[in-house]
Every structure is written in C-alpha cells, then in structure tokens.
2 protein chains.
Amino acid sequence: MRARPNPPARPVGIKDIARALGVSTGTVDRALHDKPGINAGTRQRVLDKAAALGYRPNLAARHLKSRTSIRVAVHLPEEIALFWDSLRDGIREAAAPFAPTLSVEFRNNPRLGEGEVELFEKALASGVNGLIVAPGDPAALEPLSRRAAATRVPIVCVVTDAPTCERLTSVSADPFTVGAVAGELLSRFLPGRGEIAFFTGWLGTEDHAEKLRGFEASLEAEARRADLVSVVEAHDDEQAGYRRALTALDAHPELKGIYVSTVNSLPVLRALERRGRLGKISVVTTDLFPALVPHIRAGHVAATIYQRPVSQGRQALAALYRFLADGTRPPKRIKLIPHVVMRSNLDQLLGRMG
Amino acid sequence: MRARPNPPARPVGIKDIARALGVSTGTVDRALHDKPGINAGTRQRVLDKAAALGYRPNLAARHLKSRTSIRVAVHLPEEIALFWDSLRDGIREAAAPFAPTLSVEFRNNPRLGEGEVELFEKALASGVNGLIVAPGDPAALEPLSRRAAATRVPIVCVVTDAPTCERLTSVSADPFTVGAVAGELLSRFLPGRGEIAFFTGWLGTEDHAEKLRGFEASLEAEARRADLVSVVEAHDDEQAGYRRALTALDAHPELKGIYVSTVNSLPVLRALERRGRLGKISVVTTDLFPALVPHIRAGHVAATIYQRPVSQGRQALAALYRFLADGTRPPKRIKLIPHVVMRSNLDQLLGRMG
DNA sequence: CTGGGGTACGTGAACGTTCACGGTATAATA
DNA sequence: TATTATACCGTGAACGTTCACGTACCCCAG
C-alpha cells in the first residue's frame, strides 16, 4: 500500500549518467558543477538525466580527492569555561565524521569582545576557509566581515547575532522565545498577582530588545497576572549592576519576581541576598555557570534559560560545512529552542551537556 | 603560551605507517583490523607506530571501498505522525552525510506494539546490518533480540527502553528527569499548598515507574508544597482512562494539579472539561501532538514535557553508525534532557521540531 | 628430493569522483 | 590552403583504504 520510499537499488553514480548518455565522466563532472568548457545543451541533458536516474553524489569519494582539507577557525572566549567548552564540544562532535577532510582550529580570546579583532585578522591572513565566532563587539567586526566576504570566507555567528555583519548565518537561541519563556514561567510562578522586574544587559543589542518584547508578550498572554514595574539596564559592569539592583529592590518593596536576561546575574543575586529577599522573590536567569548552580539547588533561582551551547556548536559547524562542501545556503538565522533548567534537571544537564 | 592542539600537518595514513616500518599497506591493514595472517610481533609494531604517528583512518576512503552499503532498518509506528515523523527526520538528518555508504529503510507498523514482531523478523531475514526500534512490547521482542544478537545485528531502542532485550543502547528522555521536571513545575505552579494527582500508563513499564520516582523526588525537594493524593493507572484504553479520570476528579474536589505521564492525555482533559474544571487545575502532560496544541494555547495545559524526537533520532542513528563503522560502543543508555513546552515556545517548536 | 600445506607478507586492482592534460572538431585569420 | 584560436569533450591518474590473489618461505610427510 505505502509507497516504498527507499529503493535499495545500487546507487547511481557519475559513470551511470555518462554511460546512459554516451559521454565521458569528465563531461558529466563539468555539467554537475557549473564548470566552463561544456555545451549548454549537453549540460542540460546531463542534468536532466541525473535527475531522472536519481543521482546522489558519493560524498566519500568526493572528499577523498580533496587533499587540501577545509580549514575552519573557531574564535571563542575562555571566560565562562563551562559554557564555551560545551560549544566547542558541539563543534568537535559535528566535525568528527568529516575528518580529515575538515580540520577545525580553535583559538581563544580571554573574554567576550576582547582581542577578537586580532584573532579575526590573523585567521584571515592564515587563509582559513570559514570562521565561527561569538561576536562580542559587532561594530568592530563589521569591516572585517566585509573583508572576509570579499575573499569568500563565510562566517557563522554563534550565541549572539551580528545582523549588520556579512555573515552566512547565525546560530542562537531565539531571543524572543527566551524572553517569552521567562515571562511565562515567572507569571505562573507567582501566587496570584504581583510585581516583577526585568534586568537586561544593554538594550542597544538587538537580542536584549527582542527578549524584552518576548517577555512582555508573555505577560500579555498570561492575562497580566504579573505587572512589569521596572526594566533595569544592568550593563555588564558588576558594580553598576549591583547598585542598580539595590536601587530597584528598594524602590519596589512588593516585588515578587525578577528575570535577568543577561548572563551577568550574580550582582542581582548578591543584591537580593543583601536585602534578605533571596527565596522570597521568584528569580529566572539566563544561562548556566558554576556560581549559579548552588543558587538553583537552594531554590533561590527558580529556573534559568539555557542557550544549549552544544547544539549551537553542532549546528553552526554543520551549516558552515554544508556551505563549504555543497554550497547550500542555510537560513539567515538558525533558532534553537532554549532549555528550561531547574533543580530537577540540573544534574543531568551538568553531567552531559546535551 | 597555550599548547597548539591542532597541528595542521598532513594527516598520516596507512601508507605512512607502512613506509616507516618497511612493510606493505596490506600488512598494516591486517594489523589494524585484527585480521588473521599476520605475525603477532609485527602486528604490535604496526599498532605502536600507528599510535606514535597519530594515525587516524580516513573515513571517506574506507567507505568508498564498501560497495555493499550498511543497511539499517527503522521500525516506528504511524500512530502519532507528528511525533514519529520528527524522529524519522532526525534519523534522516544524521544519515545524510554518510550516503550512500549507509542506507536507511523505514518500515512502519500501525500503532505502538502492533505488528512489530513481524517487521522485526522480516528485517532479520532481509539481512539488515542494524535496527532502530521503538519497543512497544519488550517481552515479545526479547527472544527476537537474542536472535539478532546471535547474528551480530545491533539494535538501538528509541523513546522507551527495553532493558531485558539484547540491545546496543537505548536513546530516550531520561524518565526520572521527565517526572522530576513535571513535579517541580507543578509544585511551583500551585498558589500555596495543594493536592495533586499523577496519571500514568501502566506502571509495569520501567519508564513509568521511574517517572513516578522522579516526580515524588521533586515534591520532596520542593518542601512538600504539593500533596500527591492519587496515582491513577490510566492504561492506554481511552474509555477506561476517561472513567478513571472522572472518578479521581470526583474523589478529590480540592485537586489543584495533575501530571499525565503517558502520551495518552486526552481522556484526562476530556474528563476535566466534563466536570468544568479545565483551567482551574494546573495540568502538565507528556509529549506533543496536534490535539494537544489548542489546550496549550488556551492555557488548559500549563506545560508538556517533550521527549525531543528529532534529537533522539539523530543520536540513535549516530550511535548505531559509529558502532557499525568503528565498533565503538556507546554508553548503555543515552539520556536526553526533555524540553518544557509551554505557550511561549509552542510556536517555535511546531515550526521546526528542534 | 618432491610436494603439499601452512604462515606471513607483498601486489595490484578496485571504489566514485575530480582535475590537469590532450585530443578533435569547427571557425576565424593569414 | 595552412595556421592558429576556440569550444567542447575524452583520458587517465590520483585520493586512502580494502581485499582477493600471488608469492616466498619454512616444516614435515612421502
């Protein structure tokens, strides 16, 4: 009844096409790869016949030929090792099946945004074929990305997007969804109505603005069970974030919930502790790092929205490799569904970052 | 300063080993693959030299030779198309890079547990090299799995485990964590204390018992904010489930939360509707299928624990392939972290089942 | 001494694709 | 007409690995 979608017949190769048309394999090769030196008519005949026979290129044979392996450089910070190492693991994992056709070179900068320009220039000079970066300072990277585009070196952004850069794609947790999930969780965690606050990094970044939009959309959808009374820009300066958090807490003694949309949630937690309100306020944070773990265990942080670095790494490398190998372009943006990490799944997540 | 972990040197191949030792490539091949017809001494010399030079086999070349491609059969039900199709997509996606060395044949049985034995026998008879199955009736599959093991045909279980079967590994959402997440969510969703109920499939299955354990562990950790007052075995008969749900609802007029740990949550929802208690009770369900979507949108289902079929498929095929290709054994059990699906991330999940 | 059987190893042809090179037409120029 | 240029296409060698086959050698029975 059901059409058999898998004819386990002998796979048809380039030679089969050549024999069927009475041409040589060289001609078929030229036709299939848009190379010069072939009549437009025969090219079309080859393409038609290839489609008719259901030709699928043998990736193994193709890669066998290319002695000069594809080189991709990966530029990531060292700062939050647990997070970035997971990302690297994902990249390594995805790259493994293609060795040694594909070789991945990891280069680190100390912190997000520090020294990334130098790494970028060095990579371009060394003649890599592709690049995976976590853009800390998109503005500084923009001219470099144009130079890369000029030499046909594709770039994949991970974790955060740099929409103004010339990039092949970006892989990240969808910020709107991240904010929306945080908003829904916070709404539901409140017993009845209550005031909540939103702590962000710098709203200039498109990502953070999107998170806020998603957050507000969820509050709306949840019938305004929660009132957003404060949006605090914490920047990424620890001291400033701490002081602003204190100010916000004092200004809103009835606060029942907090979402920290930036990775820098520790200053807010310290402020909560200082004011003796840990555990009395539902806190949702972003990402996961060692210092956050005890807070989750203790219940001071109800949930954290995790950006799934392993999957990001896997998908980033897969997209980049497919483009370098086949020329197939990925969607402009690859959005992952973020994980909700709570006390109950924390251990499993720490065990194997999946 | 930092040790360069990637020497972009020319990859060392089987010929390099042969030349270094003054033997032929055939001898190196025999040594590396435990084949007969080689002196134990030279085998060791080859292995040592291979390790010293850092030999990594070129997968492309290896697969090129094997004209007889590896055949794996995938046996999945048709029943809940949205779920099983996602699983199939994950398998296809993971298999794509290895075509045509690896050919995947999909066979369907109408519902979970129906006709799986026949499919299994047919697959063994047809001489497949590996099998991916969702065991509906582990007891019936057990003797077959031994026959498969006797002929060295590895089996990978997905979605649910069959620990008594001879299987290479199983890929599934960790049931303890699934239950624990549900328990934590439900605890936090309740405004203050409250009674909750646990609806399961048949507790005989190891998976469901594990879910209950995880669920109870979470209630304990959440300081008993919620009281588990009822554990209902709904079986998978729609009518029986519906009647039992009605009974449970009537017996507990103060019920504030429900977790349905089996995929069959619709009878429970119908019972809730019948008694006019939809929306008054926090409901957490399992998995995702079209009929559940409007309930999530309406807020009648606060969250559903999603088993991530795409990832399951990907990982199942990857593990099976690695074993068939390299002989590397995966861990006995591969546990995925389940997704928490709510209104806020439902759309993204429906869009691209990631 | 011959021969048969075993062990240990070398040899070379494939696998499907790519690419540089060479060849053969036809067209343009001297 | 002879020469050169151009467009198109065929040829064959590689890529790294595997496998069937061939060969050299040693041991021992006939």
Side-chain angles (χ1 to χ4, degrees), chain A residues 9-47 49-50 53-70 97-103 324-327, chain B residues 9-47 49-50 53-70 97-103 324-327:
Chain A
R10 179 178 157 294
V12 28
I14 206 178
K15 292 186 181 176
D16 300 309
I17 304 175
R19 203 175 321 114
L21 290 174
V23 297
S24 73
T25 62
T27 304
V28 176
D29 181 56
R30 279 182 281 263
L32 292 175
H33 296 88
D34 271 10
K35 293 186 186 174
I38 185 175
N39 186 315
T42 49
R43 160 174 298 157
Q44 197 53 50
R45 287 198 307 143
V46 170
L47 292 179
K49 183 59 84 178
L53 294 180
Y55 166 73
R56 309 251 51 182
N58 187 322
L59 277 301
R62 194 205 304 266
H63 294 152
L64 187 54
K65 272 302 290 180
S66 57
R67 174 144 205 81
T68 94
S69 64
I70 300 174
F98 305 117
T101 308
L102 172 69
S103 84
L324 289 171
D326 304 327
Chain B
R10 179 177 158 295
V12 30
I14 206 178
K15 292 186 182 177
D16 300 311
I17 303 174
R19 204 174 323 117
L21 290 174
V23 298
S24 74
T25 61
T27 304
V28 177
D29 180 55
R30 278 182 281 264
L32 291 176
H33 296 87
D34 270 9
K35 293 187 187 174
I38 183 174
N39 186 315
T42 50
R43 159 173 300 158
Q44 197 53 51
R45 285 198 307 140
V46 169
L47 291 179
K49 184 59 85 176
L53 295 181
Y55 168 73
R56 307 252 52 181
N58 187 323
L59 277 303
R62 184 193 323 247
H63 295 149
L64 187 55
K65 270 303 287 179
S66 58
R67 171 142 207 83
T68 97
S69 61
I70 300 174
F98 306 118
T101 308
L102 172 68
S103 85
L324 289 170
D326 305 329

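Residue numbers start from 1 in every chain, and the chains themselves are labelled A, B, ... in the order their sequence lines are given, proteins ahead of strands.
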Quiz item: Asp29(B) CG to dA8(C) C1': how many Å, rounded?
Solution: 15 Å

Quiz item: What's the CG-C1' distance between Leu21(B) and dG10(C), to the nearest Å?
Solution: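 Whole-Å distance recorded here is 15 Å.
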
Quiz prompt | Per Leu64(A) side chain, nearest of listed nucleotides dG10(D), dT17(C), dC15(D) | solution =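 Selected nucleotide: dC15(D).
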
Quiz item: Choosing from dT17(C), dC15(D), dG10(C), which nucleotide comes nearest the side chain of Ile14(A)?
Solution: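 Minimum distance to the Ile14(A) side chain belongs to dT17(C).
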
Exercise. Would you please name every residue forming a side chain to side chain contact (heavy atoms under 4.5 Å, CB included) with Arg43(A), sequence neighbours left out?
Key: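 Expected list: Ala31(A), Asp34(A), Ile38(A), Leu47(A).
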
Quiz item: Heavy atoms, side chains only, cut-off 4.5 Å: are Leu32(A) and Tyr55(A) in contact?
Solution: yes

Quiz item: Does Asp29(B) have any side-chain hydrogen bond (donor to acceptor under 3.5 Å, both in side chains) partners at least two apart in sequence or in another chain, and if so, which?
Solution: His33(B), Lys35(B)

Quiz item: Residues in salt bridge (Lys or Arg N to Asp or Glu O under 4.0 Å) with Arg56(A), at least two apart?
Solution: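 With neighbours one apart ignored, the set is empty.
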
Practice problem: Using a heavy-atom cut-off of under 4.0 Å over every strand shown, decide if Gly41(A) touches base, sugar-phosphate, or nothing. | Solution: nothing

Practice problem: Please list residues of residues 30-39 of chain A whose heavy atoms come under 4.0 Å from any atom in DNA chain C, ordered by number; otherwise none. | Solution: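 Per residue number, the list reads His33(A), Lys35(A).
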
Quiz item: dC9(C) phosphate, OP1 or OP2: any side-chain N/O from Thr42(B) under 4.0 angstrom?
Solution: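 So the side-chain polar atoms of Thr42(B) do come within 4.0 Å of the phosphate oxygens OP1 or OP2 of dC9(C), strictly under.
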
Quiz prompt | Distance test, side-chain N/O of Thr27(B) to OP1/OP2 of dG10(C), below 4.0 Å | solution = yes

Atom pairs, N/O to N/O, protein against nucleotides 26-28 of chain C, distance under 3.5 Å?
none

Quiz item: Pick the nucleotide of DNA chain D nearest each of Gly26(A) and Ala40(A); which residue has the one closer to the 5' end?
Solution: Ala40(A)

